[in-house]
2 protein chains.
Amino acid sequence: MRPTVHDIAAAAGVSLATVDRVLNQRPGVRRITREKVETAIREIGYVRDVAAANLAKSRTYPLVFILPASDNSFMHGLHAEIREAMIRSPSERTSIRTVEVAAFNPAALVTALEKLADERPAGVALVATDAPEVVAAVDKLVTDGIPVVTLVSDLTGSRRHHYAGVDNIAAGRTAARLLGRFLGDAKGEVAVLAGSMLVRDHRERLEGFAALMAQEFPKLSILPVLEGRDDPELAHMLVADVLSKHERVIGIYSLGAGNRGLVRALKERASSRPLTVVAHELTVHTRAALIDGTIDAILNQNAGHEVRSAIRVLKAKADGLAVIDAQERIRLDIFLKDNLP
Amino acid sequence: MRPTVHDIAAAAGVSLATVDRVLNQRPGVRRITREKVETAIREIGYVRDVAAANLAKSRTYPLVFILPASDNSFMHGLHAEIREAMIRSPSERTSIRTVEVAAFNPAALVTALEKLADERPAGVALVATDAPEVVAAVDKLVTDGIPVVTLVSDLTGSRRHHYAGVDNIAAGRTAARLLGRFLGDAKGEVAVLAGSMLVRDHRERLEGFAALMAQEFPKLSILPVLEGRDDPELAHMLVADVLSKHERVIGIYSLGAGNRGLVRALKERASSRPLTVVAHELTVHTRAALIDGTIDAILNQNAGHEVRSAIRVLKAKADGLAVIDAQERIRLDIFLKDNLP
DNA sequence: CCAAATTTGATGTACGTAAATCAAAAAATT
DNA sequence: AATTTTTTGATTTACGTACATCAAATTTGG
């Protein structure tokens with residue numbers, strides 16, 4: 001049987017009330033007594049029964065998700081997963097609220113973060129826009145004792161407790177190797193379509209991609225990055241343009257969202273010269289393109305896992321509990337047409 | 001606020017005791033009353049607070065894991081993950097016991113399963129050996145109301161509640177495409193190293209691999225399968241032999257465990273002709289070989305996820321609760337040297 | 001319509017923790 | 001030593017559910 005507060009009391013030779021005072025950091029306990037109790041806790045290996053404690057406290061975990069107001073499949077998917085989590089809220093004792101802020105806009109994000117200081121939620125998850133003032137705002141929350149996790153895009157240099165997202169440098173390198181290996185001995189040019197170089201995850205993917213390409217596949221040269229702003233129309237135009245102007249393009253890496261335009265441009269092109277394409281994020285569009293052979297591989301981050309992981313981590317941090325690191329590592333999914341879920 | 005038993009009682013116009021009788025299927029309630037209560041439950045959307053219920057019942061979930069006594073890295077890893085889960089047992093209210101049975105031995109497995117009927121654990125997870133008598137034994141447990149999940153290797157045709165493992169046909173197909181694409185235009189032979197064709201997961205991987213190879217990469221021909229019985233020594237011998245005898249081997253698919261022998265054989269070979277290798281299961285040996293370039297890709301199933309998923313599912317089934325399907329899908333990891341965890 | 005059987009209600013205890021109150025004891029201050 | 005202050009103990013209620021007991025009400029059978 002797992003030890004309870006009664007066992008601590010007996011072991012430390014104090015009353016239940018004193019144990020409670022120590023456990024919940026209530027005042028009115030002498031140093032010596034406090035230490036006696038703490039020793040007893042360590043010695044009998046007591047761990048608070050979180051379920052019972054939450055029951056007694058009628059505790060719920062008010063969580064806030066701050067998301068960019070972006071209109072692409074991935075963000076829609078992320079929203080959908082958060083809605084799913086809201087449905088499960090009653091049984092998980094969470095109460096989740098989402099806040100939408102303008103995308104790629106540090107100021108808007110900072111404003112949203114500052115508002116939370118008074119509200120004091122049990123935890124905050126945010127898709128970070130990478131800027132010093134955002135780091136400061138996040139650090140402020142952390143200092144105030146509010147658990148913070150970054151979602152999808154990290155905020156390096158900040159004191160956030162956790163990052164629920166993939167390693168984007170590794171993703172870029174993986175894309176490079178897939179493209180390089182799939183292209184075999186062929187020589188030629190590779191086009192890169194990104195959303196915006198202002199977002200950290202896109203920058204990191206490009207960084208990893210370019211590094212590995214240069215290092216291992218020197219016979220492939222990378223064309224200047226196309227910034228499609230995750231907009232299907234713009235992406236379509238850019239890709240169609242590069243394909244018509246550059247004869248020697250034999251590979252494309254699409255590292256952002258909004259791949260609808262890319263797929264359309266690929267299907268419209270006149271030349272029948274083979275083209276190897278690696279793209280990010282599994283959506284209805286990329287999935288169809290993978291199946292019909294327009295895209296060769298998709299790198300994906302599972303939004304559902306990211307959301308559930310963020311919630312688990314926030315709850316654990318709010319209670320000062322440990323997390324299972326291996327469980328919370330968000331893996332990079334590689335999908336070929338054969339292992340689609 | 002989430003409705004409680006009191007709310008049901010008020011809504012149905014009965015006492016708490018009657019609600020309790022209905023909820024816990026205790027006798028002594030008239031049909032009409034029972035229906036009145038059940039309607040109220042549905043209408044106010046009551047769901048039992050499992051945490052509170054488990055507290056009141058002092059409930060623990062006695063779970064049994066039945067594992068083959070195989071001496072390879074993957075099974076060691078699986079054991080390690082179960083030990084980790086045992087450490088977490090107190091806070092998860094589980095009490096986990098493992099049973100080791102002879103590998104590839106239906107009779108031994110059946111004996112172990114039959115013993116469990118009396119013990120009546122809250123759930124059983126087993127690495128299935130594929131045989132009709134095992135199906136019968138599993139179905140017996142299911143009929144007795146004991147939740148059963150298969151782990152790593154499935155038992156098709158049985159009434160097990162869930163399978164915590166990867167889709168092995170898809171894994172085989174994925175291996176085939178990786179190998180085929182990595183080899184580009186090259187023509188030649190491909191060797192396949194398996195553990196045993198008596199195990200379902202190995203059979204399925206081969207099936208998927210052979211099918212996709214024939215369909216999409218006809219210029220690559222598959223040599224007769226080598227059965228290494230997951231034994232490093234035997235695998236070493238078989239691979240060394242096939243490499244020396246077949247000049248035209250340009251690819252290898254290792255779909256079983258015990259890849260230490262394979263790696264050794266690859267490093268020892270004289271010829272410098274390039275060889276593309278896809279193997280299963282990330283272990284210290286395959287990881288090192290991936291990094292040094294001996295292996296080109298590793299397909300992996302995450303044992304930790306499988307164990308945690310099996311536990312979650314067994315607990316949910318024991319309580320008659322729903323599981324989050326997307327969360328419990330065990331994904332096939334594809335590791336290149338760039339996305340290693 | 002009465003007795004027996006069944007059904008329902010009322011009530012209390014338990015699970016492990018949180019939180020509050022009030023009294024008693026111990027320590028610190030004068 | 002007397003007083004004030006601080007510390008500790010004892011006890012109670014609560015969270016939402018499970019489970020048991022006994023009394024009261026209702027239904028059923030004869």
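Keep in mind that what you see is a predicted model, and the values were worked out from it rather than measured. Residue numbering restarts at 1 for every chain, and letters A, B, ... go by the order of the sequence lines.
With hydrogens and angles ignored, the 3.5 Å screen pairs no side-chain donor or acceptor of R88(B) with any backbone N or O of T94(B). Remark: side-chain polar atoms of R120(B) are paired, donor with acceptor, to backbone N or O of D144(B) under 3.5 angstrom. A donor-acceptor distance shorter than 3.5 angstrom exists from the side chain of R93(A) to the backbone of R59(A), with no hydrogens or angles considered. R48(B) contributes no side-chain N or O that, together with a main-chain N or O of V5(B), makes up a donor-acceptor pair within less than 3.5 Å. At distances below 3.5 Å, not a single donor-acceptor pair connects side-chain atoms of R200(A) with backbone N or O atoms of D130(A). With K315(A) contributing its side chain and E92(A) its backbone, the two residues share a donor-acceptor pair below 3.5 Å. Between the N300(B) side chain and the L282(B) main chain, a donor and an acceptor come within less than 3.5 Å of each other.
By the neighbour-count criterion of 12 heavy atoms within 6.0 Å, atom NZ of K140(B) is sparsely surrounded, having that number or fewer from other residues, nucleotides or ligands. Other residues, nucleotides and ligands contribute only 12 or fewer heavy atoms inside 6.0 Å of the NE2 atom of H6(A). Environment of NZ in K57(A): crowded, with over 12 heavy atoms of neighbouring residues, nucleotides or ligands closer than 6.0 Å.
Here the shortest heavy-atom pairing between A11(A) and A40(A) reads CB-CB, 4.1 Å. Taking both residues in full, the closest heavy atoms of A112(B) and V101(B) are given as CB-CG1, 3.7 Å, listed atom of the first, atom of the second, then distance.
For the pair M1(B) CE and dG16(D) P, the interatomic distance rounds to 7 Å; values are reported in whole Å. Rounded to a whole Å, the CD1 atom of I44(B) is 13 Å from the P atom of dG16(D). dT7(C) atom P lies 13 Å from atom CZ of R31(B), rounded to whole Å. Rounded to whole Å, the distance from CG on L16(A) to P on dT17(C) is 9 Å. Distance N54(B) CG to dT17(C) P: 15 Å, rounded to the nearest Å. Residue L23(B) contributes atom CG, which lies 15 Å from atom P of dG16(D) at whole-angstrom precision. Across the protein-nucleic acid pair, K36(B) atom NZ and dT7(C) atom P stand 14 Å apart, rounded to whole Å. dC15(C) atom P lies 20 Å from atom CZ of R48(B), rounded to whole Å.
Within the 4.0 angstrom heavy-atom criterion, base atoms lie near D20(A). At a threshold of 4.0 angstrom between heavy atoms, the contacts of A17(B) include nucleobase atoms, whether or not backbone atoms are also involved. V50(B) comes within contact range of no nucleotide atom at all, as no heavy-atom separation falls under 4.0 Å.
Out of dA19(C), dG9(D), dA18(D), the shortest distance to the side chain of A56(B) is found at dA18(D). Counting only heavy atoms from C-beta on, R26(A) has its side chain closest to dA19(C) among dT17(D), dC19(D), dA19(C). Proximity note for N24(B) (side chain, C-beta onward) versus dC15(D), dA18(D), dC15(C): the nearest is dA18(D). The side chain of D49(A) has dG16(C) as its nearest neighbour among dT17(D), dA19(C), dG16(C).
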Could you go through nucleotides 3-5 of chain D and list every protein N or O atom that sits under 3.5 Å from one of its N or O atoms, giving the distance for each pair?
none

What are the atom names and distances for every N/O pair under 3.5 Å that joins the protein to nucleotides 22-30 of chain C?
none

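Sequence order on DNA chain D of the closest nucleotides to R34(A) and P3(B) puts R34(A) first from the 5' end. Where S58(B) and G28(B) each meet DNA chain C at their nearest nucleotide, the meeting point lying more 5' is that of G28(B).
Look at S15(B) and you won't find any side-chain N or O under 4.0 angstrom from OP1 or OP2 of dA10(C). Side-chain nitrogen and oxygen atoms of T18(A) include at least one within less than 4.0 Å of the OP1 or OP2 phosphate oxygen of dG9(D). Phosphate contact (OP1/OP2 of dC15(D), side-chain N/O of R59(A), threshold under 4.0 Å): absent.
Under the side-chain contact (heavy atoms from CB on, under 4.5 Å) rule, L126(B) has a single partner from V99(B), V64(B), L109(B), which is L109(B).
Only at 4.0 angstrom or more do the heavy atoms of residues 85-96 of chain A sit from any atom of DNA chain D, so none qualifies.
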